[in-house]
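The sequence lines fix the lettering, A, B, ..., with proteins before strands; numbering per chain opens at 1.
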Amino acid sequence: MQWVKKMLKLMKYEFRKQAFSKLIILILVGLIEILFFFGVVTDNEEMIAVAMGFLAIFTGGALFFLAFESILTYSNDLKQKSSYMLFLTPNTSYSIVGAKVLSAGLQIILAGIVFFVIFAINGGVLIVKYDAIAEVKKMILQLADQFFQLKIRFTDIASVVGQVIISWISTITVAFFSITLSTTFLANKKFKGMVSFIIFIVLNVLYNKITDLILGDVTKYSANVSTYFIGNSIILLAAIILTYMGTAWMLDKKVSV
Amino acid sequence: MILQCNDLVKKYINKTAVNGINFDAEKGKIYALLGPNGSGKTTLMKIIAGLVKPTSGTLTYKGNPIGVESKKRVAYMSTEPFFYNFMSVEDVGKYYKDFFEDFDVKRYEELIERMELGMKDKTKTLSSGLAAKLKIAATLARKAELYMLDEPLNGIDIIAREKIINTILESAREDSSMLISSHLVDELEKIIDNAVFIKNGSVVLYGDAEELRASHGKSIVELYKEIYA
Amino acid sequence: MEFDNNIPIYLQVIHDIKKDMVNGVLAMGEKLPSGRELAFKYKINPNTANRIYKEMEAEEICFTKRGRGTYVTEDKEKMKNVREEMAGSLLANFFEGMRQLGFTKEEVIQLLENKYDANNKQ
């Protein structure tokens with residue numbers, strides 16, 4: 001279908017706009033991994049601990065940065081002259097914003113997988129190397145057992161992961177919406193950034209209020225945690241759709257670049 | 001009639017850029033949009049290109065509002081450089097090919113060579129003169145129905161101007177129209193069909209160039225000086 | 001070619017082409033450039049170029065073979081007329097200029113006798 005091809009092309013260029021930072025992240029992770037393996041090979045526990053620590057911090061930082069970069073790219077696309085490149089193409093604003101959201105989502109999921117794999121590898125290496133942590137090894141294997149036996153558990157984890165991803169995507173679409181809204185009446189004035197941020201905060205507060213209203217207290221769900229997460233995800237999905245449509249509509253009808 | 005503007009208005013907070021423009025463009029003709037900076041010609045072009053949304057008035061391209069369909073057939077070249085920094089000249093060609101069905105890769109290659117650009121050159125290292133030529137090459141390599149060139153001779157040295165004018169003439173086909181805005185009125189005078197003089201956001205004089213010359217007894221350049229003095 | 005801003009472009013180009021026809025640069029029956037080629041050659045608007053050929057065809061100094069292009073007329077009488085016409089308008093300007101300077105007919109002829117050869121040696 002023509003439309004799919006167009007979306008893929010748009011996404012291709014969204015990736016390329018953000019390709020350089022991915023390279024930096026990969027290089028840095030690579031360096032940390034070298035440190036880790038060096039520590040393993042030379043039996044340097046301190047080095048291993050430091051490397052794992054860096055990795056943990058870095059993972060959080062990188063995932064946060066990915067969301068931020070997608071938002072920054074969008075803001076730049078509205079502000080700089082290179083926006084002509086994008087908005088002169090025969091694409092609806094719905095395709096353009098959609099491609100941005102999809103490429104951001106994909107990058108986050110991929111990053112998540114990459115980091116998970118790295119942690120798994122490192123964890124595996126450690127377990128194999130240090131039989132002394134047999135206790136830990138037993139515990140992990142027991143957990144894995146339960147994990148695979150009880151499918152309900154799997155749904156729990158899946159729904160948490162799902163919600164984290166959806167939550168990140170909603171952060172991005174709400175940010176898009178905030179930036180677009182402030183651009184509509186402020187164009188490129190100096191304090192547009194601050195106004196965007198305020199709108200963003202307001203929308204998040206609104207979201208939390210609505211969620212509380214619909215779902216009630218988190219503690220009510222202690223028996224059925226996944227229900228809460230699924231409910232939350234549905235509300236988040238609604239928020240994503242609303243802010244996505246709103247952003248695209250404003251871009252189409254109201255915003256001049 | 002390929003383009004029709006009726007009472008087009010664009011107001012910003014502190015100024016009115018376009019103040020009730022009525023303008024029609026026919027197929028197969030070259031129109032000069034004349035006027036100093038800030039007269040509204042750039043804003044007019046951007047509205048037609050779909051980059052700026054008008055405050056009021058109507059604008060139709062072949063009977064339909066500006067949108068995806070018009071963007072497929074309208075090639076706009078702005079005064080400012082607008083290519084992504086991370087791109088090379090070759091990348092720009094690929095981008096245009098990806099999004100514009102009417103983009104002719106062979107012609108792009110021919111124009112790049114003519115402008116003495118290299119496919120591997122990075123857009124961010126190009127001098128302003130070469131960047132201007134790249135814009136022209138990319139825009140005119142499209143077989144568009146409507147070309148809008150905003151100051152195509154800006155930043156182009158005198159010797160290269162003839163090349164650019166030839167390139168523009170090559171793209172002026174029977175089934176295409178052109179809107180060209182330029183300060184360098186005398187360079188354009190011979191190649192245009194119609195002249196549209198814009199002042200303070202509205203059209204003050206409009207017509208067939210030859211008729212204007214005859215009825216006013218002066219060249220378009222002289223008319224320009226008279227109107228904007 | 002330098003253009004005079006006070007005379008319509010198409011007339012100036014027609015004049016230039018006629019000149020080429022009269023002095024033999026363009027032979028009788030020779031194929032003329034296409035409308036677009038003409039536009040490139042003189043750096044003029046393509047529609048103007050088409051109009052030029054239309055006007056010249058109306059004057060019967062060129063003709064179009066459908067699908068093949070536009071050609072200089074092969075009519076010797078026509079060419080002679082064009083030649084005389086162009087000389088005639090040059091002369092008209094010359095006579096008017098000389099009249100304004102106060103030259104009589106005899107003085108003009110004398111001047112022509114003296115100056116013509118000297119001028120043509122250049």
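B/Phe82 places none of its side-chain heavy atoms less than 4.5 Å from the side chain of A/Ser82. A 4.5 Å side-chain heavy-atom check between B/Lys46 and A/Val257 finds every atom pair outside the cut-off.
Contact annotation for B/Ile13: only side-chain heavy atoms (C-beta onward) come within less than 4.5 Å of a heavy atom of chain A. Neither the backbone nor the side chain of A/Phe20 has a heavy atom closer than 4.5 Å to any heavy atom of chain B. Only the side chain of B/Phe100 has a heavy atom closer than 4.5 Å to any heavy atom of chain A. If you measure heavy-atom distances from A/Lys17 to chain B, the contacts under 4.5 Å come from both the backbone and the side chain. When heavy atoms are compared at a cutoff of 4.5 Å, A/Asp77 approaches chain B solely by way of its side chain, counted from C-beta outward. Neither the backbone nor the side chain of A/Leu8 comes within less than 4.5 Å of any heavy atom in chain B.
For CZ of A/Phe54, the number of neighbouring non-hydrogen atoms (other residues, nucleotides, ligands) closer than 6.0 Å is 12 at most. Heavy atoms from other residues, nucleotides or ligands lying under 6.0 Å from NZ of B/Lys62 number more than 12. For A/Phe197, the CZ atom is loosely surrounded, since the number of other residues' heavy atoms within 6.0 Å does not exceed 12. Summarising the local packing, CG of B/Asp102 is surrounded by more than 12 heavy atoms from other residues, nucleotides or ligands at distances under 6.0 Å. Environment of NZ in A/Lys22: crowded, with over 12 heavy atoms of neighbouring residues, nucleotides or ligands closer than 6.0 Å. Counting non-hydrogen atoms of other residues, nucleotides and ligands closer than 6.0 Å to CZ of A/Phe68 gives a total of 12 or fewer. Applying the 6.0 Å contact sphere to CZ of A/Phe15 captures more than 12 heavy atoms from other residues, nucleotides or ligands. Within 6.0 Å of CE in B/Met119 there are more than 12 heavy atoms belonging to other residues, nucleotides or ligands.
If you look at B/Phe99 and A/Tyr13, their ring centroids are closer than 6.0 Å.
Taking every heavy atom of both residues into account, A/Ser256 and B/Lys10 meet most closely at OG-NZ, 3.6 Å. When every heavy atom of A/Arg16 is checked against every heavy atom of B/Asp91, the shortest pair comes out as NH2-OD2, 3.5 Å. Between B/Val68 and A/Lys6, the shortest heavy-atom contact is CG1-NZ, 4.2 Å.
Residue with the most contacts toward chain B among A/Lys253, A/Lys254, A/Lys9: A/Lys9 (heavy-atom pairs, distance under 4.5 Å). Between chain A and the residues B/Phe83, B/Phe86, B/Tyr76, the largest count of heavy-atom pairs under 4.5 Å involves B/Phe86. Per-residue counts of heavy-atom pairs under 4.5 Å with chain A were compared for B/Lys72, B/Glu101, B/Glu80; the largest is that of B/Glu80.
Between B/Lys53 and A/Asp252 there is no salt bridge, since no side-chain N of the basic residue sits under 4.0 Å from a carboxylate O of the acidic one.
Judged by distance alone, the side chain of B/Tyr95 and the main-chain N or O of A/Met85 form a donor-acceptor pair under 3.5 Å. Proximity of a side-chain donor or acceptor of B/Lys71 to a complementary backbone N or O of A/Phe87 within less than 3.5 Å is detected.
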